[in-house]
Amino acid sequence: MDLLKNLTESQKKAVLHKQGPLLVIAGPGSGKTRVITHRIACLIESGVKPWNICAITFTNKASVEMQNRVASMGVPSGVNLSTFHSLCVRLIRQYAQQAGITSNFSIYDDSDQKRVIKQAIADADLSVSNFAPAKMLNAISNLKNELETAESLKTRADEYFAKSLAKIYEKYQKILTENNALDFDDLLMKVAFLLREHPDVRSELNNRFKYLLVDEYQDTNHAQYQIVKGLAIEHQNICVTGDPDQSIYRWRGADIRNIMSFEKDWPHATVVKLEENFRSCQSILTAADKLIANNKNRKVKALIATIKGGEDIRITDYEDDTAEAYGLSKNIKKLIEDGQSPSEIAVFYRVNSMSRILEEALVQNKIPYQIVRGVEFYGRKEIRDMLAYLKLLVNPADNVALQRIINTPVRGIGKTTIDKIAEYASSAGIPIFEALKKTQLKELLNASTQAKLAKFVALIESFQNMTDGPVAPLMEKVFTVTKLADTTGDDKNKSESAIDNVNELINSAGIYDQQSEKPNLTDYLQAIALYSDSDAYDASQPKVALMTLHAAKGLEFDNVFIIGLEDGILPHERSAVSQDEFEEERRLFFVGITRARKRLFISYADYRTTRGQFLRTIPSPFLVEIGYNPLSSPAAGFTEKKQDFSSSEFGYDTSSSQIESAIKPIASPQRQASQASQPYIAGQLVSHKKFGFGRVQQFIEMGDNSIVVVNFNAGHTRSLMLKYANLDIVNKKGD
DNA sequence: GCGAGTTATGTTTTT
DNA sequence: CATAACTCGC
């Protein structure tokens, strides 16, 4: 068959497997995406209708890309291609009644959730200081991903914390229900329950999606696992692809066991392993292989290079984070001068905050770049305000949206009034927007407040006949009529960009209007709730891509830079507590390394500014694991560079005072002062004759009896009397 | 009720 | 360091 002519034998086997369960264990760069697209094309060629195929990808971006690839193979359109979450929204809307919700539901993102959880904790008569909202949300999210309801938790909870959590969970869910809202986890849970409890729906869907494909299966959580099972249980035509070594979403509930035990769940499964790598050169694969071999909880899989030759991995030890940023920019500049396209260059880092200094250096060097970031755009105040108006229009029960905008822009409706209304609404068991129209409420308020509220209600109602139809004109109207346009970005310098942002939102709504057959506000809002800025990453732009290691999943570049190979950053300090989490950090680095085709640059800095503190760092243990020892001369396959800072070397103008202070933090008066008054500050690297290297956790000032608490690298924490501790402050090399 | 100014606080990764 | 929460004066 013509379609298959460029595929290997194992790829062909996977593509041509027509009936029954199929597991494709595919290492990095093994042509996994190709297998999926070809499989879809082959299925259609063999007579399967496109609309009977459902392919699930990990991100919206991946879904769009896959759609394009399938289309480019000359396959008729109509394949259902989406993420789990988008698919769930569609199914919930279609089976709204069985799912027990009306289809105009709001989707709450993390900032909405935060508001709700605080209310829930209060409703449960508990305090936010004992039950940290973020922790509670996390716990609830985990429970939902495990498909555990508040009721079920309540029956099994036997100690105080679990009981309290159950109570909070219950209240949290109650608020969501009252607001006719779902959070991200609910989307999955609803569908999982729908499939479990409505056999008729399940059969209908099995019949509709006769072939199910799931990419990145190693990162599915239990809810997603159950959805997959429900959607394929009757026909068994389930094809999943993934790589256990690239599972990096354990913290979000991803369960590596889903892929590890696929053969047990689907006894007749065919398993195809793709171990050849068509992406990276040998030195890169060797490093990746060595690294991942350190993971204990793992099925051994080979990485077989098919590309011969290649360059050494370049590892650079920089003086500090600024030197790293400028040194890296210099390297990028050189690559571009040597003919590399900026779009073939990417920089990966562990945390988003590391991008800031890079941006500065790239701007200085006039290197075009784009940042691939999570929810930056939709998290902006002005955007959230706009969307809150719109959400309220389609879902008047959405109290969170209402409370966001009832006094934005300011209309003289303050906290006291809102509290009164909210209390009345909750006692009457009606949404706040309903309550605003009740005469009983009006009796509680004075005339001027009543007038303000009536005006607000009239304002909202004036838009309500526009929710069916194009979104952009409505948005524009809302923006001006509410006077949001006049007040947006009032805080001085931000005004311009804030209005630009809203205009950008309106533009994107215009594109939505054009692209959808029947544009309407509900549909639009539910779609963009699942959209993230990383979906906007445009690989075709001639720009260097900056992103977190997580965002790098599924991508590949000729030239890859991975920065911040330091203990506490990669592996991240918050992840190094358990073996499982530590192994996930290793997989994260593995994912980063294996994105590179030709050149891989790895760097670490001796000093890094973290949370405003300029601290000595320890090189990442992963450096040793890829075969590079920071303390000895480089092994085969590596080129090492030690770069001492010198401003001239980086080719920028040191006369700019802003830059100068940024690159010479050693001389900052602030730090000198803190060292003079306190010999030890948290985070300071110290060494002890007996315990070795460690990091100061806390310094308790008590004059002669001061105590230093130190986390030693050996793994234990000790409190030492300063006068007996005999600690040495570890300074930079050569001091 | 509002907003400027101050103080506390919390920090990974994201659909 | 950056933002959220809070205080205080109008």
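Chain letters run A, B, ... following the sequence lines, proteins first and then strands; every chain starts at 1. Side-chain atoms are counted along with the backbone in the values below, which use heavy atoms only and exclude waters and symmetry mates.
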Chemist: Below 3.5 Å between N/O atoms, which protein atoms pair up with nucleotides 5-10 of chain C? Just atom names and distances, please.
Modeler:
from	atom 1	to	atom 2	distance (Å)
C/dA5	OP1	A/K118	NZ	2.2

Chemist: Side-chain polar contacts of residues 130-142 of chain A - donor-acceptor pairs under 3.5 angstrom, sequence neighbours left out - could you list them?
Modeler:
from	atom 1	to	atom 2	distance (Å)
A/S141	OG	A/D185	OD2	2.9
A/N142	ND2	A/N138	O	3.4

Chemist: Choosing from B/dT15, B/dC2, B/dT13, which nucleotide comes nearest the side chain of A/H550?
Modeler: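 When the side chain of A/H550 is considered, B/dT13 is the closest of B/dT15, B/dC2, B/dT13.
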
Chemist: I want to verify a distance call: between B/dT13, B/dT11, B/dT15, whose nearest atom is closest to the A/R252 side chain?
Modeler: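 Between B/dT13, B/dT11, B/dT15, the one nearest the side chain of A/R252 would be B/dT15.
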
Chemist: Output, in order, the C-alpha distance, side-chain angles, deciding distance and verdict of ring-ring contact (aromatic ring centres under 6.0 Å, His included) for A/F582 and A/F622.
Modeler: CA-CA 11 Å; A/F582 191 79; A/F622 297 154; 5.4 Å; yes

Chemist: Looking at A/Y537, does the NZ or CZ of A/K61 lie under 6.0 angstrom from its six-membered ring centre and within 45 degrees of the ring axis?
Modeler: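 The answer is no, since A/K61 fails at least one limit relative to A/Y537.
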
Chemist: Just compare C/dA2, B/dT14, B/dT11 and give me whichever is closest to any side-chain atom of A/A551.
Modeler: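 Between C/dA2, B/dT14, B/dT11, the one nearest the side chain of A/A551 would be B/dT14.
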
Chemist: Using 30° and 60° as the class boundaries, would you call the ring planes of A/Y249 and A/F58 parallel, tilted or perpendicular?
Modeler: tilted

Chemist: Quickly work out the A/N60 CG to B/dT15 C1' distance and round it to whole Å.
Modeler: 8 Å

Chemist: By the 4.0 Å heavy-atom rule, please label A/Y249 as base, sugar-phosphate, or nothing.
Modeler: sugar-phosphate

Chemist: Just the rounded figure in Å: distance from P of B/dT13 to CG of A/D219.
Modeler: 16 Å

Chemist: Calculate the interatomic distance between A/N142 atom CG and B/dT13 atom C1'; express it in whole Å.
Modeler: 14 Å

Chemist: Atom CD of A/E216 and atom P of B/dT15: how far apart are they, to the nearest Å?
Modeler: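 Rounding to the nearest Å, CD of A/E216 and P of B/dT15 are 12 Å apart.
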
Chemist: May I have the distance from A/L530 (atom CG) to B/dT14 (atom C1'), rounded to whole angstrom?
Modeler: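 Rounded to the whole Å, the gap is 12 Å.
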
Chemist: Which residues satisfy the side-chain hydrogen bond (donor to acceptor under 3.5 Å, both in side chains) test with A/R115, sequence neighbours excluded?
Modeler: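 Partners of A/R115 by the side-chain hydrogen bond (donor to acceptor under 3.5 Å, both in side chains) criterion come out as none, since no residue qualifies.
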
Chemist: For the side chain of A/T59, counting heavy atoms from C-beta on, which of B/dT15, B/dT13, B/dT12 is nearest?
Modeler: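 So the side chain of A/T59 is nearest to B/dT15.
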
Chemist: State whether the aromatic ring of A/F58 stacks on the base of B/dT15, taking stacking to mean ring centres under 5.5 Å apart and ring planes under 30° to each other.
Modeler: no

Chemist: Does A/N221 have a side-chain nitrogen or oxygen under 4.0 Å from the phosphate oxygens OP1 or OP2 of B/dT15?
Modeler: no

Chemist: With heavy-atom distances below 4.5 Å as the criterion, would you say the side chains of A/M66 and A/T33 are in contact?
Modeler: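 They are in side-chain contact.
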
Chemist: First locate atom CZ of A/R298, then atom CZ of A/R587, and finally report the distance between them rounded to the nearest 0.5 Å.
Modeler: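 Interatomic distance, A/R298 CZ to A/R587 CZ, rounded to 0.5 Å: 10.0 Å.
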
Chemist: Just how far, in rounded Å, is P of C/dA2 from NZ of A/K381?
Modeler: 20 Å

Chemist: Please round to the nearest 0.5 Å and tell me the distance separating atom CD1 of A/I36 and atom OG1 of A/T57.
Modeler: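 Spacing of CD1 (A/I36) from OG1 (A/T57) equals 9.0 Å.
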
Chemist: Could you tell me whether A/R356 contacts a base, only the sugar-phosphate backbone, or nothing, with contacts defined as non-hydrogen atoms closer than 4.0 Å?
Modeler: sugar-phosphate

Chemist: Kindly point out which of C/dA2, B/dT13, B/dC2 is positioned nearest to the side chain of A/N352?
Modeler: B/dT13

Chemist: Answer yes or no: is there a side-chain heavy-atom contact under 4.5 Å between A/I569 and A/S620?
Modeler: no

Chemist: Return the nearest nucleotide to the side chain of A/R350; candidates are B/dC2, B/dT14, B/dT13.
Modeler: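 Selected nucleotide (nearest to the side chain): B/dT13.
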
Chemist: Taking only the side-chain nitrogens and oxygens of A/R411, find out if one of them lies under 4.0 Å from OP1 or OP2 of B/dG1.
Modeler: no

Chemist: Under 4.0 Å between any heavy atoms, over every strand shown, what does A/D185 touch: base, sugar-phosphate, or nothing? Just pick one.
Modeler: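 Since no nucleic acid heavy atom lies under 4.0 Å of A/D185, the category is nothing.
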
Chemist: Choosing from C/dA2, B/dT12, B/dT11, which nucleotide comes nearest the side chain of A/V351?
Modeler: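 Output: B/dT12.
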
Chemist: On DNA chain B, nearest-nucleotide positions of A/I248 versus A/V410: which is more 5'?
Modeler: A/V410

Chemist: Students often get this wrong, so: under 4.0 angstrom with heavy atoms, is A/I413 touching a base, only sugar-phosphate, or nothing?
Modeler: sugar-phosphate

Chemist: Nearest to the side chain of A/R574 - B/dT12, B/dT14, B/dT15?
Modeler: B/dT12

Chemist: Can you tell me how far P of B/dT13 sits from CD1 of A/I569, to the nearest Å?
Modeler: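 Rounded to the whole Å, the gap is 12 Å.
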
Chemist: What nucleotide among B/dT14, B/dG1, B/dT15 has an atom nearest to a side-chain atom of A/T417?
Modeler: B/dG1

Chemist: What is the distance, rounded to the nearest whole Å, between atom OH of A/Y225 and atom C1' of B/dT15?
Modeler: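 That distance rounds to 21 Å.
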
Chemist: Given B/dG3, B/dT14, B/dT12, which nucleotide is nearest the side-chain atoms of A/T548?
Modeler: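 Within the option list, the nearest is B/dT14.
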
Chemist: Can you tell me, in whole Å, how much space there is between the C1' of C/dA5 and that of B/dT12?
Modeler: 23 Å

